[in-house]
Amino acid sequence: MSELAHVEERPLASAAGGRTLRGLVLYFLRLGSWGFGGPIALAGYMHRDLVEEGRWYSEEEYQQGLAIAQTMPGPLAAQLAMWLGYLERGARGALAVTVPFVVPPFLIVTVVAIFYARYQGLPWVEDVFFGVGPAVMAIIAIAAYKLGRATNKREPMLWAIAIVLCLATAISGAEIVWLFLLAGAFGAVYYGGGLPRLRGRLASFVPLPLLASVNGFAWTGSGAELGTMALFFIKAGAFTFGSGLAIVPFLHDGLVNTHHWLTEQQFVDAVAMGLISPGPVVIMATFAGYLVYGLVGAVVATLAVFLPVYLFVVVPGGWFRRHEKHPRLQGFVKGATAAAVGAIAGAAIVIGRQTITGPLTAAIALVALAVLLQKRVKVSEPVIVAAAAVAGLLLHN
């Protein structure tokens, strides 16, 4: 939690006066437009601007939002923003902050996708993503490391779950959803008091949802049934535990392996767009949706990936506030989050096999890892991706 509460960056908003829905809408419009750095940084901005400086929320309200974001499926930053809106005006408030938070990065990423669709395959575009791919792999690996360090701590059982999921993802090249649910169920038993107290009580304390014309521009596409694609992105949003990057292995499996809607390189480029654009990192779904089905696909993918996130806030919101400390629920969260750590690490291995093609790409990945691990000077993910793109332009023949 401390990492979330102490991100040292220049404020995006100076929150003065009392909290209002209009003030929240304007704040999240700015955050969606200029909030770079990924989920940890975005959550840190919210704490600094809305708790420490603006005093629009108490520390307890913010920490409860973090608990929601880490417990329910969904990307951390988007779900935290929705929860803060929910506290102000219920379901209407959650929707009111979601739209300005998501629309600016949606527009940015869609414009980039249009140009990407037009120019992909040109030498300079290939050079850019020659450097970006290894950097993305490094960022995903570090995300797994940081999430694991923050959530698994020194719990051998949680690290064991993460290792199993990492191996399963790396070997199969896919996210195995039933292992997520199995890990959560195991955590509910192991950390929630064991089997003797499980019967008749687990269903009461595990949320039901957890179990259940410019060249390059196109209005639509022909690579997928629109309904199939929408369902896929809904499932992707519903199985994102712990961090926005937890969606990467699920998307990789569906977009590349199962449906063959994107090539490996296109998928890596989509992840890069999620990392270098402002707002929530799962906006990579917009980029992927455009490549699959044009502008309609971008809109459908974006709505679909955020819909379950929204529902996981507003539907069980009141219930969660009553039962958030129940050991069964906390145990499920521990198991599922440990599984997410492993899946993210496995996704880094899968992407690394595709992007590390020689000494130059290996060197870019190692430099990116070193920069991310050093603590003297904080370098944000968009800066690393941009530097890797320049390196690709300069070094790739």
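Below, all heavy atoms of this structure are taken into account, side chains as well, without hydrogens, waters or symmetry copies. Just so it is clear, the structure is predicted and the values come from calculations on it, not from any experiment.
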Q: Would you name the heavy atoms of Ala339 and Ile161 that are closest together and state the gap between them?
A: N-CG2, 3.9 Å
Q) Would you find more than 12 non-hydrogen atoms of other residues, nucleotides or ligands less than 6.0 Å from Arg353 atom CZ? A) yes
Q | Side-chain donor/acceptor of His260 to backbone N/O of Asn257, under 3.5 Å | A | yes
Q. At their closest point, which heavy atom of Ala96 faces which heavy atom of Leu21, and how far apart are they?
A. CB-CD1, 3.8 Å
Q. Nearest 0.5 Å, what's the CG-CG distance between Leu255 and Leu262?
A. 5.0 Å
Q.
Using every non-hydrogen atom in the two residues, find where Gly335 and Leu158 come nearest and quote the distance to one decimal.
A. N-CD2, 4.4 Å
Q: Could you tell me the separation between the CZ atom of Phe250 and the NZ atom of Lys235, rounded to the nearest 0.5 Å?
A: 5.5 Å
(Q) Go through it in stages, so that I can follow the logic: the residues are Val51 and Trp56, the test is side-chain contact (heavy atoms from CB on, under 4.5 Å), and I'd like the CA-CA distance, side-chain angles, deciding distance and then a yes or no. (A) CA-CA 6 Å; Val51 179; Trp56 285 6; over 6 Å; no
Q. Is it true that Val132 and Ile108 fall in one hydrophobic cluster, defined by side-chain heavy atoms closer than 4.5 Å?
A. no
Q | Approximate separation, where rounding is to 0.5 Å, of Leu26 CG and Leu31 CG | A | 12.5 Å
**Q.** Tyr27 side chain near Arg19 side chain, heavy-atom distance below 4.5 Å
**A.** no
Q: Could you tell me which residues satisfy ring pair (Phe, Tyr, Trp, His ring centres under 6.0 Å) with Phe130, sequence neighbours excluded, listed by chain and number?
A: His396
Q: Please list, chain by chain and in numerical order, all residues satisfying side-chain hydrogen bond (donor to acceptor under 3.5 Å, both in side chains) with Thr361, sequence neighbours excluded.
A: none
Q. Do the side chains of Tyr293 and Val300 get nearer than 4.5 Å, heavy atoms only?
A. no
Q: Can you measure from CD (Glu88) to CZ (Arg22) and round to the nearest 0.5 angstrom?
A: 13.5 Å
Q.
Tell me whether Gln374 contacts the main-chain N or O of Val371 through its side chain, where contact means a donor paired with an acceptor under 3.5 Å.
A. yes
Q: With the side chain counted from C-beta on, respond yes when Trp159 and Arg154 share a heavy-atom pair under 4.5 Å apart, and no when they do not.
A: no
**Q.** Side chain proximity check, Thr302 to Phe233, heavy atoms < 4.5 angstrom
**A.** no
Q) Given Leu84 and Leu24, is the side-chain contact (heavy atoms from CB on, under 4.5 Å) satisfied, shown in steps? A) CA-CA 9 Å; Leu84 296 176; Leu24 286 173; 5.5 Å; no
Q) Glu155 side chain to Met157 main-chain N or O, any donor-acceptor pair under 3.5 Å? A) no
Q. Hey, do the aromatic rings of Tyr116 and Tyr290 have their centres closer than 6.0 Å?
A. no
Q) If every non-hydrogen atom of Ile364 is compared with every non-hydrogen atom of Ala391, which pair is closest and at what distance? A) CD1-CB, 4.4 Å
(Q) Membership question, hydrophobic clusters at under 4.5 Å side-chain separation (ILVMFWY): are Leu29 and Phe106 in the same one? (A) no
(Q) Let's go through Trp83 and Val314 carefully: what are the C-alpha distance in whole Å and the side-chain angles of both, what is the deciding distance for side-chain contact (heavy atoms from CB on, under 4.5 Å) to 0.1 Å, and is it a yes or a no? (A) CA-CA 8 Å; Trp83 180 252; Val314 302; over 6 Å; no
Q) Please walk me through it: do Val102 and Ile283 pass side-chain contact (heavy atoms from CB on, under 4.5 Å)? A) CA-CA 8 Å; Val102 172; Ile283 203 68; 4.2 Å; yes
Q) Does Val385 belong to the same Ile/Leu/Val/Met/Phe/Trp/Tyr cluster as Val383, with side-chain heavy atoms less than 4.5 Å apart forming each link? A) yes
**Q.** Non-hydrogen side-chain atoms of Phe287 and Val271 separated by less than 4.5 Å
**A.** no
Q: Kindly say whether the aromatic ring centers of Phe101 and Phe306 come within a distance under 6.0 Å.
A: no
Q) Partners of Glu264 by salt bridge (Lys or Arg N to Asp or Glu O under 4.0 Å), sequence neighbours excluded? A) none
(Q) Under 4.5 Å between side-chain heavy atoms, counting indirect links through other Ile/Leu/Val/Met/Phe/Trp/Tyr residues: same cluster for Leu231 and Met229 or not? (A) no
**Q.** Within-4.5 Å side-chain heavy-atom neighbours: Phe186 and Tyr191
**A.** no
Q) At their closest point, which heavy atom of Gly346 faces which heavy atom of Thr169, and how far apart are they? A) C-CG2, 3.8 Å
Q: Examine Phe115 and Leu291 and state if one hydrophobic cluster contains both, with Ile, Leu, Val, Met, Phe, Trp and Tyr joined whenever side-chain heavy atoms are less than 4.5 Å apart.
A: yes
Q | Exercise: identify the closest heavy-atom pair between Tyr310 and Arg92 | A | OH-N, 4.5 Å
Q. Any side-chain heavy atom of Met82 sitting closer than 4.5 Å to one from Phe312?
A. no
Q. Between Thr258 and Asp253, is there a donor-acceptor pair closer than 3.5 Å when you use the side chain of the first and the backbone of the second?
A. yes
